[in-house]
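This one's a predicted model, so the numbers in the text were calculated from it and none came from an experiment.
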Amino acid sequence: MAAKFGTSGLRGLSTELVGSVSALHVTAFLRMLVQKGCAAPGDLLLVGQDFRPSSPEIAATAMAAAQRAGFRPVDCGAVPTPALAFYGQSISAASIMITGSHIPADRNGIKFYRPDGEIDKQDEAAIVALVTELAQDEQAGLVARASGENRQMQVERLFLDRYRQLLPGNILNGLCIGLYQHSSVARDLLVDILEGFGAQVVPLGRSEHFIPVDTEAVSAQTRASLAGWAAAEKLFAIVSTDGDADRPLVADEKGQPLRGDLLGLLTAQFLKAEVIATPVTSNSGIEAAIGVPVVRTRVGSPFVIAAMQEALAQGRQRVMGFEANGGVMLASDFTLANIRLAALPTRDCVLPILAALGLAAGVGASLSEMAAGMDLPIALSDRLEHYALERSASLMAHLRAGDSQLAAFLAPLGAIRDKSDLDGLRIRLDDDSIIHFRPSGNAPEMRCYVEAKGEQKAAGLLAAGLAKLANWQA
């Protein structure tokens with residue numbers, strides 16, 4: 001069974017997850033909740049899904065497993081992951097989201113939520129242990145199909161209500177905003193939200209076939225489409241999300257995507273956050289730009305959430321987090337004017353989209369002007385797909401074996417000033433540029449992140465780093 005937990009939930013090939021693997025993991029999840037006193041038989045289990053071809057079958061299998069465990073499954077349909085989590089939080093119900101997020105359609109996954117929020121790494125370990133324990137139990141892995149009461153409308157309505165008054169009414173009046181709909185579960189909800197603030201929304205690229213959109217490594221094809229749409233439609237901005245709508249994509253008036261960590265920083269300014277948690281892969285200039293405590297973590301929402309919870313335990317207020325993919329998490333409630341924005345400690349795409357648009361519109365600036373005004377180091381990232389896990393493990397072991405191996409590998413790029421091994425290898429070179437190699441936690445991919453003082457320097461460093469990864473042979 002190759003399916004495993006990555007940086008955010010269970011992931012694997014669709015062919016691995018369709019069937020007993022899904023049933024077994026849902027059974028283990030529910031048993032874990034019962035053992036920890038977080039839920040009991042007779043409680044609801046909310047089930048959401050994305051638009052992948054395999055998601056409906058996995059959802060039906062999950063609902064059958066919930067019924068066998070004595071829970072009452074609720075079919076929430078194709079909804080954004082943060083909307084599902086927010087609804088579950090509001091009625092104190094556990095939930096699962098069938099999604100592979102941004103990875104290709106031949107893969108899928110399951111995200112698990114306790115009634116009080118996203119599961120943590122200890123919960124993951126408990127589920128894995130129970131999966132091993134239940135592996136020989138035919139009932140635990142039984143493949144069957146079931147349905148449940150449909151509450152998609154309630155989930156969507158609550159999420160819409162969360163954001164209807166976040167910005168001043170009609171602040172986007174007169175602005176033409178493109179919405180790259182592709183196969184995002186938020187493609188219709190975002191129309192309602194943006195039009196509610198006066199924007200003229202131009203739907204773009206809607207697809208009935210699943211399209212993987214990685215907001216942290218926007219493909220050349222997507223970039224070309226964004227630039228073409230921006231020029232043709234004379235747009236103020238283009239917005240989109242990944243498949244399950246927990247990661248935002250915002251492009252400026254030229255169709256140039258803004259980095260996710262920049263969106264997170266803009267959101268922190270919009271909210272007047274007092275503490276920020278963000279992974280080591282986020283831009284190194286954030287601390288200087290925001291002027292409040294920034295806690296750096298490993299990559300993955302569970303680590304960011306743990307850091308936020310620690311800040312709350314220390315008595316801090318207005319605590320938020322974000323990842324380099326742009327997903328924003330709120331550990332505490334935030335009050336803006338007379339609006340209370342309830343805590344939502346899981347990745348959300350709508351808040352950063354509205355924060356960026358609202359800040360720009362409020363001062364009459366373009367998004368490109370907003371981005372330039374932040375004066376962050378130029379940061380770029382990309383990935384090599386189909387990079388075997390064994391190959392990435394071998395490479396990282398080689399680079400970690402000693403300073404001489406690492407120095408030789410990077411010799412053409414520059415001398416090493418210092419390094420961090422918090423998550424992957426993040427190296428600062430003698431010219432103060434940064435290169436970071438990290439195997440993906442969700443798929444057989446190697447990611448490369450760079451920072452430099454200029455666009456040309458950063459692009460050259462990224463190309464050189466990717467070439468180093470591509471040419472590596474054990």
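- Ion pairing between K254 and D252 fails under the 4.0 Å rule for side-chain N and carboxylate O.
- Comment: D242 does not engage R347 in a salt bridge, judged by the lack of any side-chain N to carboxylate O separation of less than 4.0 angstrom.
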Using residues 465-474 as the side-chain source, report each donor-acceptor pair under 3.5 Å to any protein atom, sequence neighbours left out, with the distance given to one decimal.
| residue | atom | partner | partner atom | Å |
| --- | --- | --- | --- | --- |
| K468 | NZ | F409 | O | 3.1 |
| N471 | ND2 | A467 | O | 3.1 |

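- A cation-pi arrangement is present between R391 and Y387 under the rule of less than 6.0 angstrom and at most 45 degrees off the ring axis.
- Not one N or O on the side chain of S332 forms a donor-acceptor pair closer than 3.5 Å with the backbone of Q317.
- Residues meeting the side chain to side chain contact (heavy atoms under 4.5 Å, CB included) test with E310, sequence neighbours left out: Q314.
- Applying the side-chain contact (heavy atoms from CB on, under 4.5 Å) test between Y180 and each of V239, T241, L190, I211 identifies I211 as the sole match.
- In terms of the side-chain hydrogen bond (donor to acceptor under 3.5 Å, both in side chains) criterion, residue partners of R296 (sequence neighbours excluded) are, by chain and number, E287.
- For an aromatic pair to be called close, the ring centres must be under 6.0 Å apart, and F112 with F29 satisfies this.
- Q181 places a side-chain N or O within 3.5 Å of a backbone atom of R187 that can act as its donor or acceptor partner.
- Scanning all heavy atoms of the two residues, the minimum distance from A78 to E156 falls at O-OE2, 4.2 Å.
- The main-chain N or O of A343 is found under 3.5 Å from a side-chain atom of D333 such that the two form a donor-acceptor pair.
- Contact record, A85 with Y113: CB-CE2, 3.7 Å, taken as the closest heavy-atom pair.
- Residues satisfying the side chain to side chain contact (heavy atoms under 4.5 Å, CB included) criterion with Q89, sequence neighbours excluded, are F86, L344, P345.
- Considering only residues two or more places apart in sequence or on other chains, T278 meets the side-chain hydrogen bond (donor to acceptor under 3.5 Å, both in side chains) condition with S282.
- Distance alone, capped at 3.5 Å, places no donor-acceptor pair between the E233 side chain and the A230 backbone.
- A donor-acceptor pair is defined here as one N or O able to donate and one able to accept, closer than 3.5 Å; no such pair exists between the side chain of T281 and the backbone of Y449.
- Under a 3.5 Å cut-off, the side chain of H436 and the backbone N or O of D423 do form a donor-acceptor pair.
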Determine all donor-acceptor pairs shorter than 3.5 Å in which one atom belongs to a side chain in residues 414-421; sequence neighbours excluded.
| residue | atom | partner | partner atom | Å |
| --- | --- | --- | --- | --- |
| R417 | NH1 | D432 | OD1 | 3.0 |
| R417 | NH2 | D430 | O | 2.7 |
| K419 | NZ | D403 | OD1 | 2.9 |
| S420 | OG | L422 | N | 3.3 |
| D421 | OD1 | R400 | NE | 3.0 |
| D421 | OD1 | R400 | NH2 | 2.9 |
| D421 | OD2 | R400 | NE | 3.1 |

